Number of protein chains: 2
Amino acid sequence: MAVIAEPGLRERTRRAVQAEVAAVAMDLFARNGFEHTTVDQIVAAAGMSPRSFFRYFASKEDVVLGAEEAIGQWVADALAARPKTESPWQAARRAFDLLVERNDADEQRNLILRRMLADAPSLRAGHLKKQSRWQELLAPHLANHLPPPPRGRRLDPRPLAIAAAALACLNTAQDAWVREDGRVPFGQLLDESMTAVGPL
Amino acid sequence: MAVIAEPGLRERTRRAVQAEVAAVAMDLFARNGFEHTTVDQIVAAAGMSPRSFFRYFASKEDVVLGAEEAIGQWVADALAARPKTESPWQAARRAFDLLVERNDADEQRNLILRRMLADAPSLRAGHLKKQSRWQELLAPHLANHLPPPPRGRRLDPRPLAIAAAALACLNTAQDAWVREDGRVPFGQLLDESMTAVGPL
DNA sequence: GCCCGTTGTGGCAGTCACTGTCACCAAATC
DNA sequence: GATTTGGTGACAGTGACTGCCACAACGGGC
């Protein structure tokens, strides 16, 4: 019942194949653009049938966005670890530090990835859809940094709103970072974006 | 060269056909769901070839989301009319009054539409894409409610961040409104969402 | 009345992402 | 050694969308 179960041979080989196909695909995407790369081209380069490709990836976009699921969980965990004395906005910003570090650790790679996101509408759409999952993941933890709702309100929109706003700032900062070609530190752009909306 | 050129006979008939097909399509969507309605079914009901359908709508989603383009411009105009003494957040909230009125004017219709958005992922994706256009439309006007950027910063992320955050709150409020089946006034949910993020 | 370009239309074939089904093969299990 | 089990490829199909082309319908100039 461990949260991260023993990988198991089956799961490990699966991950390996997945990673290798993803690497091949990302290479093609970077060279020819996401939209101009067909699944047929990917599987031809990876030596695999189209049918099997879709057994490893739910969609073509999933090759690029597959990791986001797990990352969202990490951010949620980081948020849960913030002291309750912080304001929700502050806590969110600090939880995002994880993403800032991740970004700074491999700027070149992320620049390519973010550019792909900017160019391919379908990718952007998939990205935003994953982020709405993040919103649901972050909201409950943000509620802990908030005074309790007026009374037995069944549905408090405030945590969801703060989560959505924080993610909106995150995206805006990432876009700005790409537009500056990575010359302005991402953390700084994120700070500017978030302070413009609410006090840190 | 008028911004709104004389409609002209051609344009008027085009709009009429577009509106009629959209009405037929929305009826099918409401009955069978967006995803389970094919373009073939729509054109069969409307007496039109599939090829012509795509001359009137860029995509199936565009039948539902076609109006959003213009609405975004209205909101931007409303925002431009706000006094510069208001804070950006305040000005955004007041500009959204237009949407609140629009929503309250035809609750039943909007409830159906919002439910469709919640159920069909591709529609949601298209919706968010249109909203990123709104962000670009609103940002420059928000800049007028903000102290000028530090120095000759080429790209100020602050107006874009505020626009994105405000739209995020708007969406959250709309989602909450649907989840409450329209029983809680939309304007109230929007107020709660936006005040949670920044002071009005 | 006739030629004319312009504009809207349907039909047809094609692309591309994605799915259901089925038979096959290899490795694990009995 | 027979049998189950999970991964695989081939094939056909769906559904959104596009390019192309031929064919009206319309209006103006002659």
Side-chain angles (χ1 to χ4, degrees), chain A residues 5-22 24-26 28-29 32-66 116 119-127 129-130, chain B residues 5-22 24-26 28-29 32-66 116 119-127 129-130:
Chain A
E6 297 250 343
L9 176 64
R10 185 129 61 234
E11 194 59 19
R12 263 184 296 142
T13 60
R14 179 180 171 81
R15 304 254 185 203
V17 174
Q18 207 170 38
E20 194 190 314
V21 175
V24 171
M26 288 299 288
L28 286 174
F29 292 158
N32 310 334
F34 179 80
E35 314 231 68
H36 293 121
T37 306
T38 68
V39 171
D40 280 3
Q41 288 175 304
I42 297 171
V43 298
M48 177 184 248
S49 78
R51 193 64 190 83
S52 281
F53 174 89
F54 287 107
R55 289 194 182 99
Y56 282 95
F57 302 97
S59 66
K60 195 175 105 177
E61 289 118 40
D62 209 48
V63 175
V64 181
L65 305 174
M116 271 179 45
D119 291 343
S122 70
L123 256 188
R124 185 114 192 141
H127 171 69
K129 189 181 154 197
K130 299 256 179 189
Chain B
E6 297 253 343
L9 175 63
R10 185 133 55 234
E11 193 59 19
R12 263 184 295 140
T13 61
R14 179 181 171 79
R15 303 255 185 202
V17 173
Q18 208 170 36
E20 194 190 317
V21 175
V24 171
M26 288 300 287
L28 287 174
F29 292 159
N32 311 334
F34 179 80
E35 315 229 70
H36 294 121
T37 306
T38 68
V39 171
D40 280 3
Q41 289 175 305
I42 297 170
V43 298
M48 174 183 251
S49 78
R51 193 66 191 84
S52 281
F53 173 88
F54 287 105
R55 290 196 180 96
Y56 283 95
F57 302 98
S59 66
K60 196 175 103 178
E61 289 119 43
D62 210 49
V63 175
V64 181
L65 305 173
M116 271 178 47
D119 291 343
S122 69
L123 255 187
R124 184 109 191 149
H127 171 68
K129 190 180 153 196
K130 299 255 178 188

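Source: prediction; values computed, not measured.
Straight-line distance from the CZ atom of B:Arg10 to the P atom of D:dG27: 10 Å, rounded to whole Å. For the pair B:Glu35 CD and D:dG15 P, the interatomic distance rounds to 12 Å; values are reported in whole Å. Rounded to whole Å, atom C1' of D:dG9 lies 8 Å from atom CZ of A:Arg55. If you take CZ of A:Arg51 and P of D:dT8, they are 12 Å apart, rounded to a whole angstrom. For the pair A:Met48 CE and D:dA10 P, the interatomic distance rounds to 12 Å; values are reported in whole Å. For B:Ile42 and D:dA16, the CD1 to P distance is 8 Å, given to the nearest whole Å. In this entry the distance linking CZ of B:Phe34 with P of D:dA16 reads 9 Å, nearest Å. Atom NZ of A:Lys60 and atom P of C:dT15 are 16 Å apart (whole Å).
No more than 12 heavy atoms of other residues, nucleotides or ligands sit less than 6.0 Å from atom CD of A:Glu20. Residue A:Arg15 places its CZ atom among 12 or fewer non-hydrogen atoms of other residues, nucleotides or ligands, all under 6.0 Å distant.
Across all strands shown, A:Thr37 has heavy atoms under 4.0 Å from sugar-phosphate atoms exclusively, and none from any base. Within the 4.0 angstrom heavy-atom criterion, no nucleotide atom of any strand lies near B:Arg14.
Counting only heavy atoms from C-beta outward, the side chains of B:Leu65 and B:Lys129 never approach each other to under 4.5 Å.
Between B:Tyr56 and C:dG8 there is no side-chain polar atom (N or O) within less than 4.0 angstrom of OP1 or OP2. OP1 or OP2 of C:dG10 has at least one side-chain nitrogen or oxygen of B:Ser52 nearer than 4.0 Å.
For the side-chain contact (heavy atoms from CB on, under 4.5 Å) criterion with B:Phe34, the lone passing option out of B:Val63, B:Leu123, B:Asp119, B:Leu28 is B:Leu123.
Comparing A:Thr38 and B:Phe53 along DNA chain C, the residue whose closest nucleotide (by nearest heavy atom) sits nearer the 5' end is B:Phe53.
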